[in-house]
Amino acid sequence: MAKDFTSRKENYSQWYNELVIRADLAENSAVRGCMVIKPYGYAIWEKMQANLDKMFKDTGHQNAYFPLFIPKSFFNREAAHVEGFAKECAVVTHYRLKNSEDGKDIVVDEDAKLEEELIVRPTSETIIWDTYKDWIQSYRDLPLLINQWANVVRWEMRTRLFLRTAEFLWQEGHTAHATREEAIEETEKILNIYADFAEKWMAIPVLRGLKSPNERFAGAVETYCIEALMQDGKALQAGTSHFLGQNFAKAFDVKFLSKENKLEYVWATSWGVSTRLIGALIMAHSDDNGLVLPPKLAPIQVVIVPIYRKTEQLEEITKKVLPVKEALEKRGISVKYDDRDTHKPGWKFSEYEFKGVPVRLAIGPRDLENGTIEVARRDTLEKEILNMTDIDLKVANLLDSIQAKLYQKALAFRDEKTFKVDHWEDFKKQLEEGGFVLAHWDGTEDTEQKIKEETKATIRTIPIDGKQEDGKCVYSGKPSKQRVVFARAY
RNA sequence: CGGGGUAUAGCGCAGUCCGGUUAGCGCACCUGCUUUGGGAGCAGGGGGUCGUAAGUUCGAAUCUUACUACCCCGACCA
């Protein structure tokens with residue numbers, strides 16, 4: 001087996017980076033902090049996109065598109081919002097270039113200075129609410145349920161492929177409602193869509209809960225999140241859904257006339273997931289042989305590799321393979337028949353293992369004689385020789401069981417790495433080792449901040465369905481009603 | 001922005017301390033033959049302004065200075 005790249009256990013970050021490169025998902029671009037998503041990586045994103053998009057549309061949302069540039073003044077309108085994003089904005093100040101005096105270079109034309117700078121969107125609340133102002137007059141215009149697929153820019157100091165890049169792809173939903181209750185219901189509905197997607201499609205178990213005030217989205221009243229645990233014991237925020245109250249409605253003056261003919265501010269939500277989900281997918285399941293993809297999101301679900309010496313043998317194999325490919329495709333399974341003669345079978349085996357293809361079928365002269373085929377599953381690397389009869393059914397069942405097993409494995413891992421801790425020394429020690437640490441917290445920002453300074457851990461989430469129990473804050477000893485989840489995070 | 005490091009072929013590196021033929025190795029690439037059930041072997045071949053600029057020198061990848069870019073550790077990270 002080819003293991004000429006860093007092991008998970010030696011250096012998790014390096015393993016992750018090499019894996020992304022070797023699986024041909026993405027690479028660093030020449031532009032600082034930005035990433036090139038390669039066709040195979042993008043194919044995974046497209047699958048995620050298609051499924052999420054359907055889930056949004058099934059719940060009454062529509063897609064639209066808003067500008068990349070936001071006038072600087074829009075940012076000033078919501079105080080918390082501008083404060084939250086000000087430090088990481090790319091700013092457009094000019095609109096023209098010219099030849100330098102010596103003609104050897106292109107320089108910014110100082111005469112082409114914009115009267116008002118434009119911010120490259122780090123998120124679109126401001127431009128969207130400025131637009132909604134004109135779209136909403138009456139309760140009949142509500143609810144307004146809109147999503148956009150877009151790219152955003154956040155000028156991060158330090159970046160990591162998929163997990164944190166200066167530019168990233170995402171979807172952001174922005175909705176307007178007549179009542180507070182309806183907006184909260186929407187926020188929770190979306191959170192559940194995200195959680196379902198993570199668990200049923202990505203095979204990653206997630207915690208659903210609220211963010212503490214410290215970690216709340218800039219401008220939100222309440223931030224809901226789904227939180228996943230990676231194989232190195234660090235947490236990853238996989239999606240957020242915000243109840244914005246009337247903050248943006250007030251900042252952008254978005255009012256409607258109610259049935260009772262009263263002028264009221266609308267209630268808002270916003271929510272998003274990004275290409276970071278691909279990072280989560282990689283870190284949750286992969287091993288030292290490469291990527292492991294859940295069948296439901298794998299661009300190639302089954303690969304067929306022929307083993308042959310002469311071209312006549314290949315022809316015979318192809319005759320056997322094509323009906324199998326067709327039968328699998330009829331079941332909605334994506335199949336690649338790799339009959340390239342430029343690479344040997346062993347090379348192909350390794351290649352598809354790196355790429356995380358869930359099931360590999362290999363067929364050679366021996367199988368032709370016996371009417372068999374070799375079936376290998378990526379998650380366990382087990383191989384078995386099966387009779388060709390009903391092979392499409394067998395493979396379809398195998399894909400289902402791989403999907404289920406990946407989730408179970410990730411869930412078992414998370415349970416094993418979740419700890420209840422009551423004493424400060426144990427708390428520090430456990431965070432050092434990783435995992436979700438359930439502890440009591442006195443509810444103050446001050447305590448949260450001090451814990452962060454001393455342990456590098458943050459409150460990942462306050463579980464929605466968390467058990468109520470009396471306890472004492474692990475840091476301050478003050479009373480607490482519920483355990484919250486601490487972890488070091490990406 | 002602080003602290004450390006690196007820059008030599010598409011990728012990964014050696015050579016730099018102590019200047020001296022035509023700058024070398026692995027992978028990848030091209031050609032041919034043999035191979036093909038877990039990353040094939042042999043033979044031949046192509047590819048380099050040694051990050052940029054200036055300086056020292058008979059002579060610079062190697063020494064000096066400045067600059068630039070990238071990486072790691074912090075800070076930052078809704």
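In what follows, every chain begins at residue 1, and chains take the letters A, B, ... in the order their sequences are listed.
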Using OP1 and OP2 only, check whether a side-chain N or O of A:Lys344 sits under 4.0 Å from B:G39. no
For RNA chain B, what residues of residues 362-374 of chain A have any heavy atom nearer than 4.0 Å? A:Ala362, A:Gly364, A:Pro365, A:Arg366, A:Asp367, A:Glu374
Roughly, in whole Å, what's the span from CH2 in A:Trp347 to P in B:A28? 10 Å
Measure CG/A:Asp338 against P/B:G38 and give the value in whole Å, please. 16 Å
Find which nucleotide of RNA chain B each of A:Thr159 and A:His242 is nearest to by heavy atoms, and output the residue with the more 5' nucleotide. A:Thr159
Quick one: A:His174 NE2 to B:A78 C1', roughly how many Å, whole number? 13 Å
Base B:G38 paired with A:Lys383 side chain (donor-acceptor, <3.5 Å): yes
Rounded to whole Å, NE2 of A:His343 lies from C1' of B:A28 at a distance of 11 Å
Taking CG from A:Asn17 and P from B:C70, how many angstroms apart are they, rounded to a whole number? 16 Å
Donor/acceptor link under 3.5 angstrom from A:Arg309 side chain onto base of B:G37: no
On the six-membered ring of A:Phe349, is A:Arg360 placed so that its NZ or CZ lies under 6.0 angstrom from the centre and within 45° of the ring axis? yes
Let's test your reading of the model: under 3.5 Å, does the base of B:G39 pair with the side chain of A:Arg22 as donor and acceptor? yes
SB check A:Arg488 A:Glu432 (cutoff 4.0 Å): yes
What nucleic acid atoms does A:Lys87 come within less than 4.0 Å of, heavy atoms only: base, sugar-phosphate, or nothing? nothing
Ring centres of A:Tyr40 and A:Trp45 under 6.0 Å apart? no
Which listed nucleotide (B:G38, B:A78, B:G74) is nearest to the side chain of A:Phe349? B:G38
Is it true that A:Asp392 and A:Lys325 make a salt bridge, defined as a side-chain N closer than 4.0 Å to a carboxylate O? no
Using the closest heavy atom to pick a nucleotide of RNA chain B for each, name whichever of A:Ser13 or A:Lys452 lands nearer the 5' end. A:Ser13
On the ring face of A:Tyr352, is A:Arg378 found with NZ or CZ under 6.0 Å from the centre and within 45° of the axis? no
Please give, in whole Å, the distance from B:U36 C1' to A:Arg340 CZ? 14 Å
Rounded to whole angstrom units, what separation is found between the CG atom of A:Asn28 and the C1' atom of B:G12? 16 Å
For B:U57, what is the paired nucleotide under Watson-Crick or G-U wobble rules, both distances under 3.5 Å? none
Measure the distance from CZ on A:Arg276 to C1' on B:C77 and round it to the nearest whole Å. 9 Å
Counting side-chain heavy atoms from CB outward, which of B:G38, B:G39, B:U36 is closest to A:Glu351? B:G39
Does A:Asp338 come within less than 4.0 Å of A:Lys336, counting only side-chain N to carboxylate O? no
Hey, does the Lys NZ or Arg CZ of A:Lys211 hover above the aromatic six-ring of A:Tyr224, less than 6.0 Å from the centre and inside 45° of the axis? no
